[in-house]
Amino acid sequence: MPPNRIDVTEPVRVRFAPSPTGSLHVGGARTALFNWLLARHTGGVFVLRLEDTDRERSTPESEAEILRAMSWLGLDWDEGPFRQSERDDVYRAAVDRLRASGAVYPAWETDEELEAQRAAARADKRAPVVRGRRDWSAEDVARFEAEGRRPVWRFAVDVPGETVIDDLIRGPVRFDHANVEDFVVARSDGTPTYNLAAAVDDVEMGISHVVRGEDHISNTPKQMMVMRALGAEPPVYAHIPLILGSDKKRLSKRHGAASVEDLEADGVLAQPARNALALLGWSYDDKTTTFTRDELIERFSIARVSKSPAVFDMKKLEVMNGRYMRSLPKDVFEEELIAYLRKTGYLAQHGPHAEAVARRSAPLVQRKLSKLSEFDVLAGWMFRDLDFEPEAWELLAADVKHSIQAVGGGLGRIDALEPFDLDGVKDALQDQLHILGENAREFLEPIRISVTGQRVSTGVYESIAVLGREEATRRMRLTLARLSELWAAA
RNA sequence: GCCCCCAUCGUCUAGCGGCCUAGGACUCCGCCCUUUCAAGGCGGCAAUCGCGGGUUCGAAUCCCGCUGGGGGCACCA
């Protein structure tokens, strides 16, 4: 454990609180995962809360997608999902209490006045903070109201003063109140802002530890002030580092697969996805890189979370995914593959026998895939008649004479083979390979292409075996015929 | 401009003052496996621990400064 860090062992109440304004990003998923792991590790409670107070941007589709993505990742929640849009009365009651205690005040400044205040502060090399006037006369207020203006409610930040976050990961982080503006707590239409709602909910829901992205750290002192003004003790905070793209900027869509949805569509399985996500900013020791779900729960420690941001590497995830899939029992892999092909519509697109063909193909691709979306590249040929890819045909055409020899030689052995099975095919072709004295690549590649039509595909022996003697030899003869045409033409 | 955070191979990281002539993983490069291709095995390249000062017998590890990177600065969350 890093120095001066305390681990959390008592049962926690944590929450994941996304705003439903898009899909669940890798960064958000990692935050959810850490919260979930902390809850499961300590035998605590994981609360899910949708922060949908921005009615413009929040959508039911996005909410459904986030819930679905979490379920897919196996991150089950114990309470919720709660929606802030359904808790308006709770926030209004909180604002009333803040008004009663004088912790907040009505602010009448116009947008222009606010802008001028911030600009002046900037010019003065001070933080661009806003402090509303608190000494309007009764006449002023009456006039504003007559004009139809409605005030926002701002939190009266104590100046001078200081709020210190005792961050579990970063240690004490101090904020001088001179740099914290009198933030808005209730909009002029009476709706609560994020800082109010989040603070009230964390208190009301009995949240003991808030684990969230570092991008929220400047909000934390504000929320702590609200909690204290409400007479509550703030929870323990842990601000985790951000996840970056390869350009070291915050990970976003332009970096490629950046959401859980994308990973799933790419054919990554949940287990390796969790594994990879957990390893972004967290490690168990100096060697272990693969963890089962239960190992993750058992070994996770918030104290071992790194302070520095991490660049997300899709390639590494793919490698982990490939290894994981290879380690799966045959039948389990087959079911995963079928489920994926069904979900993506691949099966539906390839006719009535597609599922049967895909099931037969499963053992041929298991060893070769790093993600399920590569299935078509390897096994697509099985779903159609022989149809050469241009690059594949070029490989055969590059040395027509040799290709004819290889395919012809292979055909001779296959045609007469008895019994016809995988081992038989393998022995026969290897024997032929010895006779010809060629290297494996020179001899086997043309045969593989003659049967699959693809430059990259499933293995030669397996491909021939899965086709059966009749179909395999038919394809080889077809190839031979085409090669002969080419030969004659030349 | 202001506030906050961060800084070990290209990337993810181990490292808690001597075990570090810095360990592991991914990438990349070789070789092996006479089953090709994006499998597997073995091996290799790769960090003067961002820079400069301290503290100490001894610093990647502690302190200060600098530089660099990131985040935040709404009636968004």
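All chains are named by letter (A, B, ...) in the order of the sequence lines, taking the proteins before the strands, and each is independently numbered beginning at 1. Remember, it's a predicted structure, so these values are computed and weren't measured experimentally.
Nearer the 5' end of RNA chain B, as judged by each residue's closest nucleotide, is the contact made by A:Ser306, out of A:Thr458 and A:Ser306.
Of the candidate nucleotides B:rA14, B:rC6, B:rA25, B:rA14 has the atom lying nearest to any side-chain atom of A:Arg304. The side chain of A:Val319 lies closest to B:rC26 when the candidates are B:rC26, B:rC4, B:rG71.
Within 4.0 Å (heavy atoms only), A:Gly281 reaches sugar-phosphate atoms of the nucleic acid but no base atom. At the heavy-atom level, A:Arg441 lies under 4.0 Å from the strands shown only through sugar-phosphate atoms. Within the 4.0 angstrom heavy-atom criterion, base atoms lie near A:Glu374. Counting non-hydrogen atoms under 4.0 angstrom, A:Leu429 reaches nothing in the nucleic acid. When heavy atoms are screened at a 4.0 angstrom cut-off, A:Val377 is found touching base atoms of the nucleic acid. Heavy atoms of A:Ser457 sit under 4.0 angstrom from at least one base atom. Within the nucleic acid shown, A:Val456 comes within 4.0 Å of at least one base atom, counting heavy atoms only.
On the C1' atoms, B:rG10 is 9 Å away from B:rA46, given to the nearest whole Å. Comparing the P positions of B:rU48 and B:rU61 gives a spacing of 15 Å, expressed to the nearest Å. Across B:rC75 and B:rU13, the matching P atoms stand 35 Å from one another, rounded to whole Å. Nucleotides B:rC62 and B:rC76 have their C1' atoms positioned 42 Å apart, rounded to a whole Å. B:rU35 and B:rA39 are spaced 10 Å apart, taking the C1' atom of each and rounding to whole Å. One P atom belongs to B:rU11, the other to B:rG70, and the distance between them is 14 Å to the nearest Å.
Close to B:rG1, at under 4.0 Å from its OP1 or OP2, lies no side-chain N or O of A:Lys125. For the pair A:Lys249 and B:rG70, the criterion of a side-chain N or O lying under 4.0 Å from OP1 or OP2 is met.
Across every strand in view, B:rC31 sits in a pair with B:rG41 that passes the Watson-Crick or G-U test at under 3.5 angstrom. B:rC73 is paired with B:rG1 under the criterion used here, namely a Watson-Crick or G-U wobble arrangement in which both key atom distances are under 3.5 Å.
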Practice problem: Kindly determine whether A:Glu63 and A:Arg83 satisfy salt bridge (charged side-chain N to carboxylate O under 4.0 Å, His left out), including the steps that lead there. | Solution: CA-CA 10 Å; A:Glu63 176 184 318; A:Arg83 291 176 195 80; 2.7 Å; yes
Exercise. Quick one: do A:Ser301 and A:Trp282 satisfy side-chain hydrogen bond (donor to acceptor under 3.5 Å, both in side chains)? Show the steps, please.
Key: CA-CA 8 Å; A:Ser301 155; A:Trp282 173 80; 5.4 Å; no
Quiz item: So A:Tyr194 and A:His216, ring-ring contact (aromatic ring centres under 6.0 Å, His included) or not? Walk me through it.
Solution: CA-CA 11 Å; A:Tyr194 161 74; A:His216 275 99; 5.7 Å; yes
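No hydrogens or angles considered: nothing links the side chains of A:Asn195 and A:Thr193 as a donor-acceptor pair under 3.5 Å. Side-chain N/O atoms of A:Thr31 and A:Arg212 include no donor and acceptor closer than 3.5 Å. Side-chain atoms of A:Ser463 and A:Trp381 include no donor-acceptor pair closer than 3.5 Å.
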Collect all protein-nucleotide pairs involving nucleotides 28-35 of chain B in which both atoms are nitrogen or oxygen and the distance is under 3.5 Å.
| from | atom 1 | to | atom 2 | distance (Å) |
| --- | --- | --- | --- | --- |
| B:rU35 | OP1 | A:Gln430 | NE2 | 3.0 |
| B:rU35 | OP2 | A:Gln430 | NE2 | 3.4 |
| B:rU35 | O4' | A:Tyr461 | OH | 3.3 |
| B:rU35 | O4 | A:Lys426 | NZ | 2.2 |

For nucleotides 73-77 of chain B, print each protein N/O atom paired with a nucleotide N/O atom at under 3.5 Å, atom names and distance only.
| from | atom 1 | to | atom 2 | distance (Å) |
| --- | --- | --- | --- | --- |
| B:rC75 | OP2 | A:Arg154 | NH2 | 3.3 |
| B:rC75 | O2 | A:Ser188 | N | 3.1 |
| B:rC75 | O2 | A:Ser188 | OG | 3.1 |
| B:rC75 | N3 | A:Ser188 | OG | 2.9 |
| B:rC76 | OP1 | A:Arg187 | NE | 3.3 |
| B:rC76 | OP2 | A:Arg187 | NE | 2.1 |
| B:rC76 | OP2 | A:Arg187 | NH2 | 2.7 |
| B:rC76 | O3' | A:Arg187 | NH2 | 3.1 |
| B:rC76 | O2' | A:Asp54 | OD2 | 2.7 |
| B:rC76 | O2' | A:Arg57 | NH2 | 3.4 |
| B:rC76 | O2 | A:Arg57 | NH2 | 3.1 |
| B:rA77 | OP1 | A:Thr53 | OG1 | 2.7 |
| B:rA77 | OP1 | A:Arg187 | NH2 | 2.2 |
| B:rA77 | OP2 | A:Arg187 | NH2 | 3.2 |
| B:rA77 | OP2 | A:Tyr194 | N | 3.0 |
| B:rA77 | O3' | A:Glu51 | O | 3.1 |
| B:rA77 | O2' | A:Ser19 | OG | 3.0 |
| B:rA77 | N6 | A:Asn219 | OD1 | 2.9 |
| B:rA77 | N6 | A:Asn219 | ND2 | 3.1 |
| B:rA77 | N1 | A:Asn219 | ND2 | 3.1 |

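No option in A:Asp427, A:Val466, A:Leu422, A:Leu364 other than A:Leu422 meets the side chain to side chain contact (heavy atoms under 4.5 Å, CB included) test with A:Tyr461.
By the 6.0 Å and 45° rule, A:Arg49 does not stack over the aromatic ring of A:Phe82. Both the sub-6.0 Å distance and the 45° axial angle are not jointly satisfied by A:Arg149 relative to the ring of A:Trp108. For the pair A:Arg441 and A:Phe443, the cation-pi criterion (under 6.0 Å, within 45° of the ring axis) is not fulfilled.
Scanning atom types as modelled, no donor and acceptor separated by under 3.5 angstrom connect the side chain of A:Lys307 and the base of B:rC6.
Here the side chain of A:Asp167 pairs a donor or acceptor atom with the backbone of A:Ile169 at under 3.5 angstrom.
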